[in-house]
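As the structure is a computational prediction, the values presented were derived from the model and not from experiment. Numbered from 1 within each chain, the chains take letters A, B, ... in sequence-line order.
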Amino acid sequence: MDKNKTSSDSHLEQVLYSGEFTLTGELGPPKSADKNDIIEKAKSLKGYVDASNITDNQTAIARMSSIASGVISLEQGLEPVIQITTRDRNRLAIQSDVLGAAALGIKNILCLSGDHQSFGNHPTAKNVFDIDSIQLINMLYKMREEQQFECGDMIRNGKKGPVVEPKIFIGAAANPFAEPLDFRVMRLEKKIRAGADFIQTQVIYDMDRFKQWMEEVKQKDLHKKVYILAGITPLKSARMAKYMKDNVSGISFTGDIIERMEKAEDQKAEGIQIALEQIEEIKSMEGVHGVHLMAIGGEKSVPDIVEKAGLMPRPSVKEMKT
Amino acid sequence: MIVAEQKPFEQIFNSVKNYENIMVLGCGTCVTVCMAGGEHEVGVLTKQLILAAKQNNVNLNVEELTITRQCDKEFFDENTTNKIKEADAVLSLGCGVGVQYIVELFPDMIVKPGVNTKFLGANISQGLWSERCGGCGECVLDEYEGICPVARCAKSLMNGPCGGSSNGMCEVDPENIECAGQLIYDRFKRLNKLETLLEFKPAKNWSLSRDGGPRRVAREEMMFDDE
Amino acid sequence: MEGKEPKIIAFCCHYCAFTAADLAGTMRQQYPTNIHIVRLPCTGKVHVNMLLQAFVDQADGVIVAGCEIGSCHFLEGNTRARKRVALAKQKLEEAGVDPEKLDMYYIPASEGQLFAKTAHEFTERIKRLNENKKEQPGITNSK
C-alpha cells in the first residue's frame, strides 16, 4: 500500500493516515436476533474507539452476521470493521457479501481464516476454506485496485453499467507469538504484499516477544508499508490467564503477568492496570500506530480504559458518513 | 493406499440380519494392507456374525470370500460371481468403491458396506495410518517440496500456518495432527530456500477436485476399439 | 447342559503351558477330561479368527495358555497373544457371547499343578456361566 494517500473513505484509515495514535475496539454480535444487544454495545464504544471490529461467527459459534451487525453499529455512529473468515464462505459468497457490505456503507474489512469449526457449537459442519486469509486479502485488493472480481471479470453490471468497486480498507491479523516464530514476520510480509492496509495483532501478554517481532518488522521496513495496531485484552482474572496460557495456541505470557494477577486483591482492576501499562509502553514504540482493544465480553469497560490511558478525546478527522 | 476402518459390529449386524444368506466379501488390496477388510478380517467378522445370529435366534448363513480387488472386473471370476449370486446380500469389506462396483456388476444384489472408508494415507507404524493426499486433482507437492497443505492442514491453508500452531502441532488436535505449515517451513529451511515461501500462492482451482463433480480419467490409447 | 461336561479348547504353547500339561499328566495330577489341548509353537500363533472359530464350532470356553510374561521362548509371542485375546473378547461381547468364556493364562513349564488348577477353575467358571444361561439376550433387535 501507499501510505502517502488514502484508498478508501474509511474513518479508521483517516485517523491512521493523520498519524494519530489509533484505537479500535471489538464488538461481538449476539447469539440471537436481538438488535438491542448491538445497539447497547455500540453505544458504549462510540466515541471511545475510532472503529470497532465486528466478529464473524467467532470461535465458530453461530451468531448474528457481522455485516448485519456492522450496519446496526453504523446506524449508531460507530464505524465497523467487518471480519470475514474463509471458513464459512467461498469466493463467490464472500465477493457478493463484500459488494453488499460496501453498498450498505461498510468501509473496513478484516480478513481471517477463522477458528476451525471443531472449536465451536457446530463441530460436525463442513468447512469451506476455498481460499485462505491471504488470498482473501488479495481478492479485496484486486476488487478495489483493479476493479475486478477474483475471476478477472470487471465489477460492473453488464458492459454498459458503471464500474462500482467496493472501496474497502483492508485489514489482516498478525500473530507474533504463534509458531514457527521465524516465519511470523514473513507471513506479515506476505499479507502486506497481498494488499493489507492495516494489521491487528494477537493479544499481547509477552511484551518482550512483541518487541522482538517489531524489531524484525522495522528491519524490513514493513511498518512503513502497513499500519500496525497492537492487540490488548485486559485480563479478568488469574484463572483466565492460566486458561489462555494452557489452552489457547498462539498466546504467550512473559514472566510476571500471571504472578501479578494472582497476587492482586482486585484481579479485575489489576488486569486493567496491566493493560494500561502496556498501552503506555506501546504508545512510545516506533512503528506501532495504535491499539486494538479487545475487551472480551466487556465492551462496557472500554470507556474507562480509554480514559485512564489518556487517549480521550478521539479525533474526528471528518464527519462520519453513514 | 485407501485406508478404511471396520464399522461398529452392531451397525453391520443390523444391516444384514434380515437377509438369510450373507456373503462377506473381502478385498485383497488396500483394505487388506490396512487390516480392515482382508481375508483375516473377513474371517473374524463372519464368525462374529454366526455367533451373533445364534445369540439372537436369527437364521443367518454366512459365506466368506476374499478376492484380489473389488474395483476391477477381472477379479470377479466365475466362482466369485456364482457365490455372490447365491447370496441374498453381500457385505463388502472393500472401500466405498468396492461396494458400488459390486452394485454395478450385480444390479439386483443388495450390497452393504462393512467398513468406513477414511482417506488416502500411509502406514506410519504398526497399527497407525495417517492421511497424506486429498485427491485434489492438481498436485501442488512440487510447490511445497513434498508436503501437502491441502490434505495435511485442517484449513488447507496455502500461504502458511495460521496462529493455531504450537510445538509443531495443530490446535485442532494437538496430540495427533502435525501443523502442515510448520512441516513446510522446516522443509524449506532444511533445503535452504525459505525466501521462496514469501511467494503469494493464488486461490486454488478446485474444479479439478471433487468440487468439479465426480471425476474420471479417460485414456484413449488404453481402450479397446469395440468398447 | 445339566450333567454334561462343557467343551473347552485350550490353545497351549509348546514351550511352557503344553509342557506343564504334560507334566500334570506325569505327576498324575487330575484335571478335567473335557479340556481339549491344541498345541501351538507359541501363543504368538494365536489369532482372533481362530479363537472365534472355536466358539462357532461349539466350544463352551476357550483358554489361551502361554509362558509367563518375560519368558516367552520367542520373546514377545505371549504379549502379542494377550492383545489378541483382549480383542477377541471384545468381538465376542459385540456378538453377544460372554467374554468370560475366553481367557488367557501364563503357565511355566514346571507348573503341572498350576495347569491342573487352572483347568479345574476354568471348567467351573464355564459350568457356572452355562447354568446362568438365561443369559443376556445378545444384541437388541431394533430395525
Side-chain angles (χ1 to χ4, degrees), chain A residues 60 85-87 90-91 94 112-119 123 127-139 141-142 150-151 172-195 201-203 220 231 245-252, chain B residues 134 136 140 143-144 147-190 192-212:
Chain A
T85 70
T86 63
R87 176 195 58 225
N90 67 7
R91 62 192 88 172
I94 292 175
L112 301 167
S113 60
D115 291 315
H116 192 266
Q117 74 277 6
S118 58
F119 294 103
N127 63 36
V128 179
F129 296 119
D130 171 31
I131 54 175
D132 65 23
S133 57
I134 295 182
Q135 291 159 350
L136 173 57
I137 293 166
N138 194 244
M139 196 166 79
Y141 185 78
K142 192 172 167 185
E150 199 274 333
C151 63
N175 189 338
F177 315 104
E179 293 172 21
L181 282 180
D182 296 339
F183 184 66
R184 289 296 138 188
V185 174
M186 282 178 84
R187 186 156 162 86
L188 173 68
E189 192 171 351
K190 287 188 84 157
K191 290 189 174 183
I192 295 168
R193 286 189 186 187
T201 77
Q202 171 67 293
V203 291
K220 294 193 167 179
K245 183 170 188 268
D246 296 339
N247 296 292
V248 184
S249 292
I251 291 191
S252 86
Chain B
C136 74
V140 294
E143 294 173 56
Y144 296 93
I147 293 158
C148 182
V150 178
R152 300 185 68 181
C153 168
K155 302 184 192 172
S156 296
L157 301 180
M158 314 289 287
N159 281 289
C162 66
S165 172
S166 77
N167 301 318
M169 304 303 278
C170 169
E171 65 178 347
V172 170
D173 182 355
E175 302 279 302
N176 298 308
I177 304 175
E178 288 174 292
C179 169
Q182 175 82 52
L183 292 173
I184 291 166
Y185 176 85
D186 291 344
R187 175 99 173 119
F188 276 64
K189 193 170 182 181
R190 173 189 288 241
N192 226 350
K193 52 188 292 188
L194 269 184
E195 73 290 347
T196 57
L197 279 181
L198 273 174
E199 275 168 35
F200 171 70
K201 302 288 183 191
K204 188 171 164 59
N205 176 4
W206 296 109
S207 73
L208 301 164
S209 181
R210 212 212 55 82
D211 303 81

Practice task
Quick one: pull up CG in A:Asn175 and OG in B:Ser165 and give me the separation to the nearest 0.5 Å.
Solution key: 10.0 Å
Check each atom of [X] against the heavy atoms of chain B and say whether the ones under 4.5 Å are side chain, backbone, both or neither.
X        : answer
A:Glu150 : side chain
A:Phe119 : side chain
A:Arg87  : neither

Handout entry: Worked verdict on A:Arg91 versus B:Trp206 for side-chain contact (heavy atoms from CB on, under 4.5 Å)
Key = CA-CA 11 Å; A:Arg91 62 192 88 172; B:Trp206 296 109; 3.4 Å; yes
With respect to chain B, which residue among [options] yields the maximal number of heavy-atom pairs within a distance under 4.5 Å?
options                                : result
A:Asn247, A:Val128, A:Asn138, A:Leu136 : A:Asn138
A:Ile251, A:Asp182, A:Thr86, A:Val248  : A:Asp182
A:Leu181, A:Leu112, A:Asp130           : A:Asp130

Handout entry: B:Pro202 to A:Gln135 - nearest heavy-atom pair and separation
Key = O-NE2, 3.0 Å
Exercise for the section: For residues B:Ala203 and A:Ile131, report the shortest heavy-atom separation together with the two atoms involved. Expected result: CB-CG2, 3.6 Å
Exercise for the section: Run the salt-bridge test on B:Lys201 and A:Asp132 with the 4.0 Å N-O cut-off and return the result as yes or no. Expected result: no
So does [Y] get a backbone contact from the side chain of [X], meaning a donor-acceptor N/O pair under 3.5 Å?
X        : Y        : result
A:Arg193 : B:Phe200 : no
A:Arg187 : B:Asn159 : yes
A:Lys190 : B:Gly160 : no

Handout entry: Part of residues 166-179 of chain B lying next to chain A, heavy-atom separation under 4.5 Å
Key = B:Ser166, B:Asn167, B:Gly168, B:Glu171, B:Val172
Exercise for the section: Return the option, out of B:Leu157, B:Leu194, B:Leu198, with the maximum number of heavy-atom pairs under 4.5 Å with chain A. Expected result: B:Leu198
Practice task
Give, as side chain, backbone, both or neither, the part of B:Lys155 having an atom under 4.5 angstrom from any heavy atom of chain A.
Solution key: both
Exercise for the section: Compare all side-chain heavy atoms of B:Pro161 with those of A:Pro180 and state whether any distance is below 4.5 angstrom. Expected result: yes
